[in-house]
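All figures in this text were calculated on a predicted structure; none of them were measured in a lab. All heavy atoms count here, side chains included; hydrogens, waters and symmetry mates do not. Note that ligands are numbered from 1 as they come in the structure, with each ligand's atoms numbered from 1 the same way.
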Amino acid sequence: MAVNLLDFDLDALAAYCESLGERRYRAVQLFRWIHQKGASDFARMSDLAKSLRSQLDGAAEVRGLLPIGELASADGTVKWLFDVGGGNAVEAVFIPEDDRGTLCVSSQAGCAVGCRFCSTGHQGFSRNLATGEIVAQLWFVEHRLRERLGLVAGERAVDNVVLMGMGEPLQNYGALVPALRTMLDDHGYGLSRRRVTVSTSGVVPMIDRLRADCPVALAVSLHAPDDALRDALVPLNRKYPLAELLDACVRYLDAAPRDFVTLEYCMLDGVNDGDEHARALVRLLRGRVPCKLNLIPFNPFPASGLRRSPRERVSAFARRLQDAGLVTTVRRTRGDDIDAACGQLAGEVQDRTNASARMVSRRAWSIIPEGEIA
Ligand code: SAH
Ligand code: SF4
């Protein structure tokens, strides 16, 4: 099969071009055509040497993901479902805000961590995405939206990327890092390190490696103030308990582009939302980890058997943490009318037909004709 150029960060593309006898500046040109202009057809790349274009033809391609559907929420959030073959699909969600556009990207089809409150976790693990499949989500959405919004050269649709879609990004480390580099590269998407966030359930050794290899903003999914409860909610905690995880967060901050770690805390009614949990969180975190807490109202799905904490409970919990000096915000839920909210991304692995029928019945899917993107 032809080499997928979306799998390469700039250094890898330069090495590939070198293997074809071309200099690095040719790779830079090619990289800019692909990522900055959204081109996939070598014939369009007018300033690229003919010799290189003819070498690329047949040997390489820019292979995006096939979007199976697109669903828009009343609040402006848009979700795309991408076919990744073998009956698997992954989702990416665009969340427009006043001052920026955020894209939530998937890193795996399914997830092996198996958190109790997460629909992706319930689905189990199918496979890692390749670098090109992670990048393809941004490549597609950025250029699709630029066209749709009529943006001119120099304007971009996505200026913030969060690895908070399906999968545990730090369990797909080898593919993740080149994808991050492409997002950050000035010849690629030119995103600021502070505006690319890796969210993890706590793969401690990989937090350390990320610090060395490609420090970006870090979010850690905490969800519990003690090991017993966290063991039950996030099974990975049995391998990397809280003390080790928080130490890794502190080490990470040495090299991080921000001076705090975001700690995500999904609010589950009667499970982790009591005053005693708030007090325990304060004892755990205060003076130990520079952090901002982000409380996420649980987005329910039938198989979880869990309920969202009532609104007043979430506010009372937030107030307790704030009064104790911990910076705390409550995440506004976006896109829940299209199952695009945190933890609702299921990719519809088995029942794509049913999913399509369901979505069509909501009159919101626009099915994109096959083959529209390479
Ligand atoms: N695997 C990574 C990133 C993907 S999950 C991680 O766990 O951090 C992204 C975020 O969504 C995590 O903070 C996760 O805890 C949260 N989440 C998962 N399921 C959720 C649900 N049903 N409701 C609200 N948030 C959820
Ligand atoms: Fe995986 Fe994150 Fe879901 Fe846990 S919350 S199952 S780590 S995707």
Side-chain angles (χ1 to χ4, degrees), residues 79 90-93 95 102-129 134 137 161-173 175-176 179-180 196-204 206-207 210 216-224 229-240 245 248-249 252 261-269 271-273 291-309 314 329-336 339-347 349:
K79 176 170 91 166
V90 298
E91 297 176 338
V93 180
I95 306 143
T102 296
L103 184 66
C104 177
V105 166
S106 295
S107 55
Q108 298 179 314
C111 181
V113 178
C115 300
R116 265 197 60 197
F117 49 84
C118 173
S119 143
T120 309
H122 276 246
Q123 169 192 318
F125 177 69
S126 294
R127 71 167 175 86
N128 279 327
L129 297 188
I134 300 173
Q137 299 168 59
V161 170
V162 294
L163 271 295
M164 293 186 187
M166 299 166 68
E168 169 47 58
L170 294 187
Q171 287 188 339
N172 185 14
Y173 190 80
L176 175 72
L180 295 176
V196 175
T197 301
V198 169
S199 176
T200 179
S201 55
V203 191
V204 166
M206 295 301 152
I207 294 176
L210 189 67
V216 292
L218 183 68
V220 169
S221 295
L222 195 65
H223 309 310
L229 183 55
R230 196 164 189 273
D231 282 351
L233 295 174
V234 184
L236 193 65
N237 194 70
R238 293 180 209 139
K239 195 159 180 197
Y240 305 114
L245 177 57
C249 290
Y252 191 82
V261 171
T262 302
L263 297 177
E264 297 165 279
Y265 196 97
C266 181
M267 298 292 291
L268 303 164
D269 186 22
V271 174
N272 65 355
D273 64 347
C291 62
K292 289 191 180 175
L293 273 143
N294 193 216
L295 306 182
I296 315 173
F298 171 60
N299 295 306
F301 58 97
S304 72
L306 296 162
R307 291 180 313 269
R308 174 185 287 193
S309 304
V314 177
T329 52
V330 178
R331 184 177 298 174
R332 194 155 60 102
T333 294
R334 300 285 302 265
D336 48 359
D339 286 351
C342 308
Q344 290 185 320
L345 306 183
V349 172

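With sequence neighbours left out, the ring pair (Phe, Tyr, Trp, His ring centres under 6.0 Å) criterion links Phe298 to no other residue. With sequence neighbours left out, Arg307 forms a side-chain contact (heavy atoms from CB on, under 4.5 Å) with Asp269.
A donor-acceptor pair is defined here as one N or O able to donate and one able to accept, closer than 3.5 Å; no such pair exists between the side chain of Arg127 and the backbone of Ala109. Proximity of a side-chain donor or acceptor of Glu168 to a complementary backbone N or O of Ser201 within less than 3.5 Å is detected. Listed for the Tyr252 side chain is no donor-acceptor partner under 3.5 Å among the backbone atoms of Leu210. Asn172 places a side-chain N or O within donor-acceptor distance of the main-chain N or O of Ser107, the cut-off being under 3.5 Å.
Looking at Ser119 next to ligand 1, no N or O pair under 3.5 Å apart turns up. Residue contacts with ligand 1: Leu163 is placed with no nitrogen or oxygen under 3.5 Å of a nitrogen or oxygen of the ligand (distance criterion only).
Sorted pairs that involve residues 291-300 and meet salt bridge (charged side-chain N to carboxylate O under 4.0 Å, His left out), not counting sequence neighbours, are lacking altogether.
With a 4.0 Å cut-off on non-hydrogen atoms, Cys266 touches ligand 1 through its side chain and not its backbone. At a heavy-atom cutoff of 4.0 Å, ligand 1 is contacted by the side chain of Glu264 but not by its backbone. Contact annotation for Asn299 and ligand 1: heavy atoms of both the backbone and the side chain come within less than 4.0 Å of the ligand. Only the backbone of Thr200 comes within contact range of ligand 1, with a heavy atom under 4.0 Å; no side-chain atom does.
Of the residues listed (Leu163, Val113, Thr200), the one engaging Leu170 in a side-chain contact (heavy atoms from CB on, under 4.5 Å) is Thr200, and it is the only one. None of Thr262, Leu293, Asn294 except one satisfies the side-chain contact (heavy atoms from CB on, under 4.5 Å) rule with Thr329; the exception is Asn294.
Under a 4.0 angstrom heavy-atom cut-off, Met166 registers as lying outside contact with ligand 1.
Short contacts between ligand 1 and Ile296, defined as distances under 4.0 Å to a heavy atom of the residue, involve ligand atoms 13 (O), 24 (C), 25 (N). Taking every non-hydrogen atom of Gly165 and a distance limit under 4.0 Å, the qualifying atoms of ligand 1 come out as 4 (C).
The neighbour count for Arg116 CZ, taken as heavy atoms of other residues, nucleotides or ligands under 6.0 Å away, does not exceed 12.
Counting heavy atoms only, Gly167 comes closest to atom 1 (N) of ligand 1 of the residues Cys111, Pro297, Gly167.
Enumerated by chain and number, the residues approaching ligand 2 to less than 4.0 Å through a heavy atom are Cys111, Val113, Gly114, Cys115, Cys118, Gly121, Gly167, Glu168, Ser201.
Between Phe301 and His122, the angle of the ring planes goes over 60°, which puts this pair in the perpendicular group of the 30/60° scheme.
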